[in-house]
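Okay, structure first, notes after.
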Amino acid sequence: MQIRDKRLILTGSAGGIGSALATALAKRGARLVLIDRNGEAVTAVAQGLAQAHAVAADLSTADGCKQAVDAALAHMGGVDLLINLAGLNSFRNFEAETPEAIERLMHVNLLAPMLLTRAVLPGMIAQKSGRIVNVGSVFGSIGFAWFTAYSASKFGLRGFSEALRRELADTGVRVTYVAPRAVKTPMNDDAVMRMGAATGMNMDPPERVVARIIDAIDDDHKDTYIGFPESLFVRINVILPRLVDIALAKQNRIAAKFARRE
Ligand SMILES: NC(=O)c1ccc[n+]([C@@H]2O[C@H](COP(=O)([O-])OP(=O)(O)OC[C@H]3O[C@@H](n4cnc5c(N)ncnc54)[C@H](OP(=O)(O)O)[C@@H]3O)[C@@H](O)[C@H]2O)c1
């Protein structure tokens, strides 16, 4: 899909990947509605960019999702490209998760992409073109200990993307799923960074992820898995999950020392 002059919604635009992606998309000539929870932060990102409009919205509720998409439609009149990037992480023992935190994480990571997609789809189907880009994670294909709620949300997002892509096959609307490995952004707090250093976890700069997302849009990719050997482990986990259990066992024991217990 050509990016120039496309009407684009980007959620999570004030984040580590989002702010770099907003800048790259603006350079490519997209018309942008940038959505994030923190109004000041998303306005600051939009300020330096051509054709960018900031919207503050909380995607952890259905009302917040509606407010975000209504504002985008009012501003642009329609949407050609929706990038569901906003996300929350949680690195802790699953029994230490509160019901409220699980609900919030599932809403931001899975329900918000579904609700925003549902809202923009009729317009895309009517114009027989459009693209939904869902940013998942390698943890959406390999369930990671101590990231259990996060992994569950990203498995859901991957399943949503696959089913929707098949459902829309004859409509001209495309669905892309992008799965980064760990990325150096504020999403990974001190505990994750220390665990990453102790386990030798590979971490990409946000710019690498941005380039791959843009390539996926340009070249109409269905799925993009970022990083080797993580992309190989994704395939092995499908065929030989017991092998991955064994390969991860030592890493899990090290990671347990850093995971939150409350
Ligand atoms: N970083 C990684 O290691 C990594 C790896 C694989 C995949 N990913 C995925 O990449 C995406 C972007 O992550 P990132 O690394 O750029 O993280 P980030 O820097 O934390 O950015 C995420 C953005 O989403 C926003 N957000 C969170 N909750 C929200 C809500 N309720 N309503 C609206 N916006 C909300 C955050 O706002 P606040 O700052 O106000 O919370 C933040 O601006 C996520 O979907 C993540 O799962 C990241």
Side-chain angles (χ1 to χ4, degrees), residues 12 15-17 21 83-91 94 105-106 108-110 113-114 117 131-167 169 174-185 187-188 192-193 195-256 259:
I17 298 171
L21 182 57
I83 305 182
N84 286 308
L85 178 72
L88 284 179
N89 199 357
S90 180
F91 176 45
F94 185 67
L105 183 143
M106 292 305 285
V108 176
N109 291 8
L110 178 58
M114 294 175 78
T117 299
R131 178 176 297 278
I132 311 293
V133 178
N134 291 325
V135 179
S137 165
V138 163
F139 290 11
S141 298
I142 302 173
F144 252 74
W146 325 117
F147 291 89
T148 298
Y150 180 76
S151 290
S153 71
K154 295 296 187 179
F155 266 70
L157 188 64
R158 182 167 61 86
F160 169 58
S161 307
E162 183 177 278
L164 187 70
R165 177 189 304 134
R166 291 174 178 158
E167 184 172 324
R174 304 282 176 248
V175 180
T176 296
Y177 176 75
V178 180
R181 62 182 179 186
V183 191
K184 287 181 197 123
T185 71
M187 169 170 278
N188 294 315
V192 177
M193 295 304 284
M195 178 277 287
T199 58
M201 185 183 267
N202 294 314
M203 280 203 151
D204 289 319
E207 292 71 24
R208 180 170 189 212
V209 178
V210 166
R212 294 296 301 275
I213 292 174
I214 289 190
D215 282 352
I217 297 168
D218 279 342
D219 301 337
D220 190 21
H221 292 171
K222 293 182 171 63
D223 296 295
T224 292
Y225 286 84
I226 303 173
F228 188 88
E230 291 78 1
S231 52
L232 174 64
F233 277 126
V234 164
R235 289 173 190 274
I236 295 174
N237 197 44
V238 174
I239 311 164
L240 296 167
R242 299 293 160 262
L243 204 61
V244 177
D245 285 348
I246 295 163
L248 286 179
K250 186 175 165 212
Q251 184 171 325
N252 289 344
R253 279 193 286 273
I254 299 171

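Just the heavy atoms: all of them, side chains too, but no hydrogens, waters or symmetry mates, feed the values below. Bear in mind the structure is a predicted one, so any value in this text is a computation, not a measurement.
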Check for a donor-acceptor pair, side chain of [X] on one end and backbone N or O of [Y] on the other, with a separation under 3.5 Å.
{"X": "Arg174", "Y": "Val133", "result": "no"}
{"X": "Arg158", "Y": "Gly140", "result": "yes"}
{"X": "Asn134", "Y": "Val175", "result": "no"}

Taking every non-hydrogen atom, the tightest pair across [X] and [Y]:
{"X": "Asn237", "Y": "Ile142", "value": "ND2-CA, 3.6 Å"}
{"X": "Ala259", "Y": "Trp146", "value": "CB-CB, 3.8 Å"}
{"X": "Val209", "Y": "Pro180", "value": "CG1-CG, 4.0 Å"}
{"X": "Leu85", "Y": "Gly12", "value": "CD2-O, 4.0 Å"}
{"X": "Pro113", "Y": "Thr117", "value": "O-OG1, 2.6 Å"}
{"X": "Asn109", "Y": "Ala86", "value": "OD1-O, 4.4 Å"}

- Partner set under side chain to side chain donor-acceptor pair (under 3.5 Å) for Thr185, not counting sequence neighbours: none

For residues 243-252, tabulate all N or O donor-acceptor pairs below 3.5 Å that involve a side-chain atom, not counting sequence neighbours.
unit_1 : atom_1 : unit_2 : atom_2 : d
Asp245 : OD2    : Arg242 : NH1    : 3.3
Asn252 : ND2    : Leu248 : O      : 3.4

- Residue pair Arg181 / Met201, side-chain heavy-atom distance below 4.5 Å: no

- Query: With a 4.5 Å heavy-atom cut-off, do Val138 and Ile226 have their side chains touching?
  - Reply: no

- Message: Would Met187 and Tyr150 count as a side chain to side chain contact (heavy atoms under 4.5 Å, CB included) here? Give the steps.
- Response: CA-CA 12 Å; Met187 169 170 278; Tyr150 180 76; 4.3 Å; yes

- Query: What do you reckon, is CZ of Phe233 surrounded by more than 12 foreign heavy atoms closer than 6.0 Å?
  - Reply: no

Rounded to the nearest 0.5 Å, what's the gap from [atom1] on [X] to [atom2] on [Y]? Could you check?
{"X": "Leu105", "Y": "Ser153", "atom1": "CG", "atom2": "OG", "answer": "5.0 Å"}
{"X": "Ile83", "Y": "Ile132", "atom1": "CD1", "atom2": "CD1", "answer": "10.5 Å"}
{"X": "Phe144", "Y": "Phe91", "atom1": "CZ", "atom2": "CZ", "answer": "10.5 Å"}
{"X": "Ile236", "Y": "Ser141", "atom1": "CD1", "atom2": "OG", "answer": "13.0 Å"}
{"X": "Ile17", "Y": "Lys184", "atom1": "CD1", "atom2": "NZ", "answer": "12.5 Å"}
{"X": "Phe147", "Y": "Lys154", "atom1": "CZ", "atom2": "NZ", "answer": "12.5 Å"}

- Task: Take Glu230 and Asn202, measure what side chain to side chain contact (heavy atoms under 4.5 Å, CB included) needs, and give me the verdict at the end.
- Result: CA-CA 9 Å; Glu230 291 78 1; Asn202 294 314; 2.8 Å; yes

- Presence of salt bridge, Glu162 and Arg166, under 4.0 angstrom: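 Salt bridge present between Arg166 and Glu162.
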
- Message: Please evaluate residues Arg131 and Asp220 with respect to the criterion salt bridge (charged side-chain N to carboxylate O under 4.0 Å, His left out), reporting the C-alpha separation (whole Å), side-chain torsions for both, the decisive distance (0.1 Å), and the verdict.
- Response: CA-CA 9 Å; Arg131 178 176 297 278; Asp220 190 21; 2.6 Å; yes

- Message: Quick check on side chain to side chain contact (heavy atoms under 4.5 Å, CB included): which of Asp223, Thr224, Leu164 does Tyr177 satisfy it with?
- Response: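 Option passing the side chain to side chain contact (heavy atoms under 4.5 Å, CB included) with Tyr177: Asp223.
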
